[in-house]
Visitor: 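Next up is a structure, given as structure tokens.
Start at 1 and go down the list; that is how both ligands and their atoms are numbered.
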Amino acid sequence: MREKNYSGILLFLIGVLSLSSAWSQTYAKHGMVVSDNQIASQIGIDILKKGGNAIDATVATALALAVVHPQAGNIGGGGFIVFMDAESETTTIDFREKAPLLATPEMFLDAAGNLIEGSNHKGLKSVGVPGTVAGLYMAHQKYGLLPWKKLVKPAIDLAKKGVVLSYTLASHARNIQSGSSPEFMKNYYTDAKGKLLRYGDVWVQNELANTLKQIKKHGKDGFYNGKVAKEIVDYMTKNGGLIRLEDLKNYTAIERKPLKGTYNGYDIYSMPPPSSGGVALIEMMNLMEQANLDSVPFNSTEYVHLVAETMRRAFADRAEHLGDPDFNPNLPIDWLTSKNFAKERYGNIDFTKASVSDSTKFGQLYDGSNTTHLSVIDKNYNAVSLTYTLEDSYGSEMGSPKLGFIFNNEMGDFNPQPGLTDRQGLIGSDPNLIRPEKRMLSSMTPTIVAKNGRPYLVIGSPGGRTIINTVFQTVLNVLEYGMPIKNAIETMKIHHQWLPDELVYEKDLLSPDTQKSLEKMGHKTRDVKNLGRLMGIMYDPERNIYIGVSDSSSPDGASVGY
Ligand code: GLY
């Protein structure tokens with residue numbers, strides 16, 4: 001078990017004044033919100049107490065995160081919602097960013113046709129048409145109860161009155177100022193006179209408050225039409241960006257049928273493409289069903305080998321097959337998520353040695369690791385799992401000073417160089433090449449596991465491609481190893497993504513003997529400090545209680561219930 005983050009708990013004690021929080025586990029009877037920020041989680045709970053449902057609380061929490069967790073919380077990015085409606089079918093809302101109309105498959109290449117290193121993650125050309133406001137608005141219009149204005153107001157108040165800079169944000173502020181950030185970020189964590197704010201100072205965001213006011217007043221149109229849209233386009237046009245009014249007007253969120261898998265009598269609902277998360281999660285759970293895990297001790301060499309080989313296969317399939325379904329009508333989703341395919345895939349695992357990832361066909365793509373997840377449940381058992389992102393931490397690090405929010409750099413999630421796949425990590429396969437209006441492939445894996453038709457586990461994480469694997473292991477820990485949610489989130493995670501061919505594990509949480517045995521089997525191992533930052537809720541049907549846990553790796557995160 002990973003040790004708790006005691007420095008975080010100390011900060012919690014110090015932070016009573018600053019309202020910053022730390023690792024938390026909460027029990028509640030009526031509702032729960034778990035997010036990367038205590039203030040945002042509390043706003044969600046306040047909405048539930050006022051008669052809002054899980055969707056209302058999600059909208060208010062997500063908008064608040066755009067103010068208090070700006071490294072990933074956003075209105076300038078995109079993401080996905082999985083919604084288990086107690087009265088109806090489970091559904092999803094896709095508000096992934098889209099390539100602008102002016103985008104081309106070769107836009108990040110030089111005259112010789114080679115990728116200009118880093119260009120797909122830098123500057124305004126890396127910005128996809130944002131989807132967050134459209135997604136939250138659609139969720140509210142279809143499933144919310146309270147008036148939209150009530151859900152936007154708490155975020156406006158936070159931006160206008162200011163938030164106390166937490167230890168984490170204060171260190172971001174220092175790094176941004178001392179680094180080579182664009183002008184927009186240089187002025188980000190500053191007071192009215194341009195002075196850099198420090199831990200405990202109050203940070204007011206007037207421009208963001210004004211943008212949010214437009215969204216409060218006009219709903220989706222407050223972002224995609226009118227004043228805000230005009231300023232986005234002026235800023236883009238003057239500074240070499242590609243987004244135009246038509247892109248904003250054309251943007252719509254899409255309601256999609258969730259992917260459904262099963263595991264030992266549980267139902268697993270997750271996100272279909274353009275996320276690769278749901279497909280890979282269900283494929284891996286199906287492979288686990290093939291194994292007799294009763295005789296495989298948790299964290300043994302056998303366990304880690306089996307899980308790593310499963311990940312290797314799912315990530316190879318992800319690279320080869322997945323992309324935006326609206327541009328790839330024949331994605332083999334049913335096949336990849338079928339029990340028969342799992343039998344086939346499981347059948348070629350060698351239990352004595354590591355397989356070799358073949359780079360001659362498909363490689364893997366870098367994608368950003370700063371995303372944020374929130375899990376919500378209300379008193380009527382409606383549950384929401386939402387993951388959204390700017391791609392990198394602070395996305396493109398660019399935005400209009402008049403609007404006060406940061407644009408994503410999500411174009412970097414497309415395959416940047418058509419036809420070129422290599423061991424260094426480029427993928428050139430067709431399903432995820434850039435096309436105007438296409439959504440880039442994602443790894444976000446917002447998931448709800450249900451038992452007897454009720455939500456049992458609401459879970460998700462940031463972490464780029466590691467998202468898929470940390471969500472997978474947390475679900476497996478609960479469903480197969482019977483762990484309480486706290487243990488399932490905190491215990492050792494590994495990550496394998498086919499290419500590069502390496503088995504990554506959390507430092508100090510894998511026994512040195514196991515690591516050596518894995519090396520002997522042919523695995524190249526590498527340690528990292530941490531994998532995943534999971535935000536989850538579990539329902540205990542016997543006691544009729546919700547248990548919320550925010551991962552100890554989230555310094556400001558909190559589960560709040562009532
Ligand atoms: N930007 C991270 C993802 O979508 O997977």
Side-chain angles (χ1 to χ4, degrees), residues 36 62 65-66 69-82 92-99 108 118 120-122 126-132 135 253-254 256 259 270-281 311 314-315 317-319 321-325 363-374 385-398 406-416 425 427 431-432 434 438-447 459-472 495 497-498 531-535:
D36 257 320
L65 284 169
H69 188 76
Q71 60 269 49
N74 69 79
I75 54 173
F80 304 108
I81 283 174
V82 175
T92 78
I93 292 177
D94 163 3
F95 52 101
R96 183 66 161 164
E97 301 93 325
K98 285 166 74 164
F108 297 118
N120 54 341
H121 276 103
K122 274 211 185 84
S126 72
V127 183
V129 183
T132 296
I254 299 175
R256 299 186 191 273
L259 288 185
S270 196
M271 199 62 214
S275 181
S276 58
V279 174
L281 171 67
M311 291 170 176
F315 271 78
D317 296 331
R318 170 195 189 272
H321 295 294
L322 299 182
D324 183 348
Q364 241 342 309
L365 179 69
Y366 159 86
D367 53 4
S369 60
N370 219 299
T371 297
T372 187
H373 179 83
L374 60 116
S385 189
L386 178 153
T387 315
Y388 71 152
T389 186
L390 289 168
E391 170 71 346
D392 284 335
S393 187
Y394 299 96
S396 64
E397 299 194 337
M398 298 182 87
I406 302 168
F407 291 123
N408 67 82
N409 60 342
E410 215 74 53
M411 291 294 286
D413 270 357
F414 278 116
N415 297 351
I427 305 179
N432 190 36
I434 302 171
K438 192 175 184 179
R439 285 158 147 89
M440 56 294 282
L441 189 65
S442 170
S443 298
M444 291 187 276
T445 316
T447 297
I459 194 79
S461 177
R465 282 159 293 167
T466 71
I467 294 172
I468 300 172
N469 286 335
T470 56
V471 171
F472 158 55
H495 174 68
Q497 57 176 49
W498 187 47
L531 289 167
R533 207 167 68 235
L534 293 127
M535 300 288 146

Visitor: Suppose I only count heavy atoms of Glu410 and a 4.0 Å limit; which atoms of ligand 1 are within that range?
Guide: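 Answer, ordered by atom number: 1 (N), 2 (C), 4 (O).
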Visitor: Within less than 4.0 angstrom of ligand 1, does Arg465 place any heavy atom?
Guide: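 No.
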Visitor: For ligand 1, is any non-hydrogen atom under 4.0 Å from Asp413's backbone (N, CA, C, O), its side chain (CB onward), both, or neither?
Guide: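 Contact part for Asp413 vs ligand 1: side chain (C-beta onward).
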Visitor: Report the residues that fulfil side chain to side chain donor-acceptor pair (under 3.5 Å) with Ser275, sequence neighbours left out, ordered by chain and then residue number.
Guide: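 In terms of side chain to side chain donor-acceptor pair (under 3.5 Å), with neighbours along the sequence ignored, Ser275 is linked to no residue.
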Visitor: With a cut-off of 4.0 Å, which atoms of ligand 1 are near a heavy atom of Ser442?
Guide: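 Those atoms are 3 (C), 4 (O), 5 (O).
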Visitor: Relative to the heavy atoms of Glu391, which atoms of ligand 1 are at a distance of less than 4.0 Å?
Guide: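 Selected atoms, number and element: 1 (N), 2 (C).
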Visitor: Taking NZ, NE, NH1 and NH2 as the nitrogens, is one of them in Asp94 or Arg256 under 4.0 Å from a carboxylate oxygen of the other?
Guide: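 Result for this pair is yes, salt bridge flagged.
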Visitor: May I ask you to list the atoms of ligand 1 that are less than 4.0 angstrom from any heavy atom of Arg96?
Guide: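 Matching atoms, with element in brackets: 4 (O).
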Visitor: Under a plain distance cut-off of 3.5 Å, with no hydrogens placed, do Thr387 and His373 share a side-chain donor-acceptor pair?
Guide: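 His373 vs Thr387: donor-acceptor pair found between side chains.
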Visitor: Is the shortest distance from a Lys or Arg side-chain nitrogen in Asp413 or Arg96 to a carboxylate oxygen in the other one below 4.0 Å?
Guide: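 Salt bridge: yes.
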Visitor: Please determine whether a side-chain nitrogen of the Lys or Arg among Glu397 and Lys122 lies less than 4.0 Å from a carboxylate oxygen of the Asp or Glu.
Guide: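 No, this pair does not count.
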